[in-house]
Amino acid sequence: REEREALEKSSKAEFIPYVKMWSSLLTQPLPKIKRASLDIEVASPDEYHIPSPEEAEHQVIAVSIYGSDGRKKVFLLKRGDHSLGDSKIDEAEVLFFEKEESLLEAVFLEMLDYPFIITYNGDEFDLNYLYHRAKNLGFTEDVIPINLGRDQAWIKHGVHIDLYKFFANHALKVYVFESKYVENTLNSVCEAIINESKIEFEGSISDLPILELGRYCFNDARITYMLTSYNDDVVMRLLVVIARVAKMPFEDLGRLGVSNWIRSLMYFEHRRINALIPTSEEVSARGTIYSTAITKGKKYRGAYVLEPEAGVHFNVAVLDFASLYPSIIKVYNLSYETILCGHSECRSNIIPETPHWVCKKRYGITSLIIGSLRDLRVKLYKPLAKKYPPGSDQAVLFNTISQVLKVILNASYGVFGTEAFPLYCPPVAESTAAVGRYLILKTVDECRRRNIKVVYGDTDSLFISGAGKGEAEKMIEWAEEDLGIELDLDKVYKYVAFSKRKKNYLGVLPNGNFVLKGFTGKKSNTPKVIKDAFYNVVGILSKVNSQSDFEAAREEVKKYLKGITDDLRKKKIPLADLSFNVMISKDLSEYVDTTPQHVKAAKQLERTGRKVKGGDIISFVKTTTPDGVKPTSLAKPEEIDANKYIEYMKSTFEQLLDALGYEFDEVIASTKLEDFFWA
DNA sequence: CGTGACTGCTTACCT
DNA sequence: ACAGGTAAGCAGTCACGA
């Protein structure tokens, strides 16, 4: 209450009701949700055949249900020609059925005990299959607890949450799960998030002994459930908080993107204040785009990225604007109905760098909603999450709220620049970005005026070198007074190394921890051998405390890299560590313009019978064969093109070594110590 | 017909 | 169906010179 009252006091009158409304809603305790995960296995003629849910022509041979109340059941179909095997399923009660009909009946009955059913891809497969299979077996509609929509499956008595769609949500993937997984499969997500895996087996699922099949199926249900229970039910908590903010039912919010959450939230607010919801045509007609994008194919100009000053800089502070774009939307009163408003007296209220003006008479709906949510996150929930001991109920609640607000706030500007958003309003989007450029450039000017050296900056951040704590604090005060926007001291690096490339740097903190941005050496598709080598080199460099320390580190780096390149030449590196892992974003037939290397490898895989579809990760190695690549699973060690790997290593390490002023070729070719000089 | 400059496609990243 | 900006590798095209 104390913190909330302080926030209310510092808020403008128009924002106070919103702060009150949000804080009383969001601080409600989080319910424990009774639920069960469900997974099914279907007989299939061969291992590459994926049974069609609509036809549902094959038997359902196993179902597992894993409940939050501790009940865990495996339903198995007895098949005469299959042995039971000797697998043990310790945790669960195992039930055998002679007839598939009675198995399904028992499963449906069990489902009724749970108001929430959790699946991984149940919309497309598990529930869809169960429904059609039951129909095929003569079940009547009223005894099947499932309804099918166009792209989703509903539970008649409760809520079905399909985690596949939840974990595939790009915004959640990036901002909540920190891009820890790339592929959206159950196995990839579980490995990245809860350190669990699917059970591996060879051949076809239908050929497994019955108990072995049960063990496999049960494990899937178990890890699916764990995705909702790990870290104190964080996924369930996220769903509850998103539902509260977005004013959206659970069924929808797990399946729809952030733009839909924001649409729902904005529409709700229109209804609450008795305002008409405009049509997209009305909103689009407000104005047109003025700026031109730097990137081909984009609609308007975006953020500004400063040229980094190449080299090593010691004692670098990073200043950044807290939630820059939401702050701009709030402070500059940006909204579809305030931009280019009808009042002639507002026409002089011009947005910097644009011909657009904005209303002076009243606050816009976007400004009020996004502005108040921004303040809630920055001034209330972030500090509150830190105030309570980690793991306490309060810390857990405030952290969840803070994460959800982050996702929504991060998307709140972008939605106005996307045609699919019903309140699409390009002048709002381009004005937000324009003000961002204006603010960061003004701040750079102010630094220069104060003789503070700016060595880099991107969108909302400035890296300043050689400034003391006092000077940084003065800048923060200046921003508050002259810009009306909150600037923070984000961190202070022991040193930062920049090559000449933007969005690409190494920052080392006083405690030796480091931050790597942009480097090829950290990208998910880079071969493990090169990625490991890169992190090891950075590890060596992160111990450096002064210019002279670089001398000693240099020798260590050189020796280390020489070892790796020698191993590469002698083909001592295992294939798995040499593989590039690249996502194939569409189906093979859709690559009509070019045939990139991962597509070449995928085509070779298809020729061996493997199915490849959009979203799969293709693992390939560079070879001396005519295609230049081979899928890792089909390649032989002697086919590896060592030179290609050394070339790739060179360009990977140059991004780092450039900054330090020496050449990769010298590192691996030279034998004389005196050949090396550091900047 | 081979080479190199150039453009466009594709993926992954940064804010 | 949030946005734009940047890096990098490779595929494909085309002019140029032999």
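No hydrogens, no waters, no symmetry mates; every other heavy atom, side chains included, goes into these values.
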Classify Tyr325(A) by what it touches in the nucleic acid, base, sugar-phosphate, or nothing, heavy-atom distance under 4.0 Å.
nothing

State whether Lys523(A) places a side-chain N or O below 4.0 Å from either non-bridging phosphate oxygen (OP1 or OP2) of dT11(B).
no

Classify Ala303(A) by what it touches in the nucleic acid, base, sugar-phosphate, or nothing, heavy-atom distance under 4.0 Å.
sugar-phosphate

NA contact type, Gly414(A), heavy-atom cut-off 4.0 Å: base, sugar-phosphate, or nothing?
base

Take atom CD1 of Ile584(A) and atom P of dA12(B), then tell me their distance rounded to the nearest Å.
11 Å

Identify whether any heavy atom of Glu419(A) sits under 4.0 Å from a base atom; if not, whether one sits that close to sugar-phosphate; answer base, sugar-phosphate or nothing.
nothing

Mind telling me whether His270(A) and Tyr267(A) have parallel, tilted or perpendicular rings, with 30° and 60° as the class edges?
perpendicular

For DNA chain C, whose closest nucleotide is more 5', that of Asp627(A) or that of Gly257(A)?
Gly257(A)

Whole angstrom is fine here: how far is it from CZ in Arg437(A) over to C1' in dT15(B)?
14 Å

Separation of atom CD in Glu590(A) from atom P in dT10(B), rounded to whole Å
10 Å

Test log, rule salt bridge (Lys or Arg N to Asp or Glu O under 4.0 Å), inputs Lys502(A) and Asp458(A)
CA-CA 8 Å; Lys502(A) 295 173 172 181; Asp458(A) 184 349; over 6 Å; no

In whole angstroms, how far is the C1' atom of dT11(B) from the NE2 atom of His170(A)?
13 Å

If I take atom OH in residue Tyr648(A) and atom P in nucleotide dT11(B), what distance separates them, rounded to the nearest angstrom?
14 Å

Please state whether the rings of Phe463(A) and Tyr505(A) are parallel, tilted or perpendicular, taking 30° and 60° as the class boundaries.
perpendicular

Looking across every strand, which nucleic acid part, if any, lies under 4.0 Å from Ser585(A) by heavy atom: base, sugar-phosphate, or nothing?
sugar-phosphate

Length of the CZ-P vector between Phe519(A) and dC14(B), whole Å
10 Å

Determine the contact category for Lys500(A): base if any of its heavy atoms lies under 4.0 Å from a base atom, sugar-phosphate if only primed atoms, P, OP1 or OP2 are that close, otherwise nothing.
nothing

I would like to know whether Asp658(A) and Arg501(A) meet salt bridge (Lys or Arg N to Asp or Glu O under 4.0 Å); could you show each step before the answer?
CA-CA 10 Å; Asp658(A) 272 4; Arg501(A) 301 160 185 84; 3.2 Å; yes

With nearest nucleotide decided by heavy atoms, which residue, Ile617(A) or Asp458(A), maps closer to the 5′ end of DNA chain B?
Ile617(A)

Under 4.0 Å from any heavy atom of chain A: name the first and the last nucleotide of DNA chain C that qualifies, 5' to 3'.
dA1(C) to dG12(C)

Using a 4.0 Å heavy-atom cut-off, does Leu324(A) contact any base of the nucleic acid, only the sugar-phosphate backbone, or nothing at all?
nothing

Taking the nucleotide of DNA chain B with the closest heavy atom to each, which residue, Met583(A) or Tyr505(A), is nearer the 5' end?
Met583(A)

Tyr591(A) six-ring face occupied by Lys586(A) cation (under 6.0 Å, within 45°)
yes

Look at all strands and tell whether Thr295(A) reaches a base, only sugar-phosphate, or nothing, counting heavy atoms closer than 4.0 Å.
base

Base, sugar-phosphate alone, or nothing: which one does Asp320(A) contact when heavy atoms must sit under 4.0 Å apart?
nothing

Starting at NZ of Lys586(A) and ending at P of dA12(B), how long is that distance when rounded to a whole Å?
13 Å

Establish, yes or no, whether the cationic atom of Lys406(A) lies under 6.0 Å from the six-membered ring centre of Tyr175(A) and within 45° of the ring axis.
no

NA contact type, Phe416(A), heavy-atom cut-off 4.0 Å: base, sugar-phosphate, or nothing?
nothing

Do the side-chain N or O atoms of Ser524(A) get closer than 4.0 angstrom to the phosphate oxygens (OP1, OP2) of dC13(B)?
yes

Exactly one candidate in Glu353(A), His356(A), Lys299(A), Arg301(A) meets side chain to side chain contact (heavy atoms under 4.5 Å, CB included) with Glu430(A); the answer is His356(A)

Classify the nucleic acid contact of Ser412(A) as base, sugar-phosphate or nothing, counting any heavy atom under 4.0 Å across all strands shown.
nothing

Distance under 6.0 Å and angle within 45° of ring axis: Lys622(A) vs Phe580(A):
yes

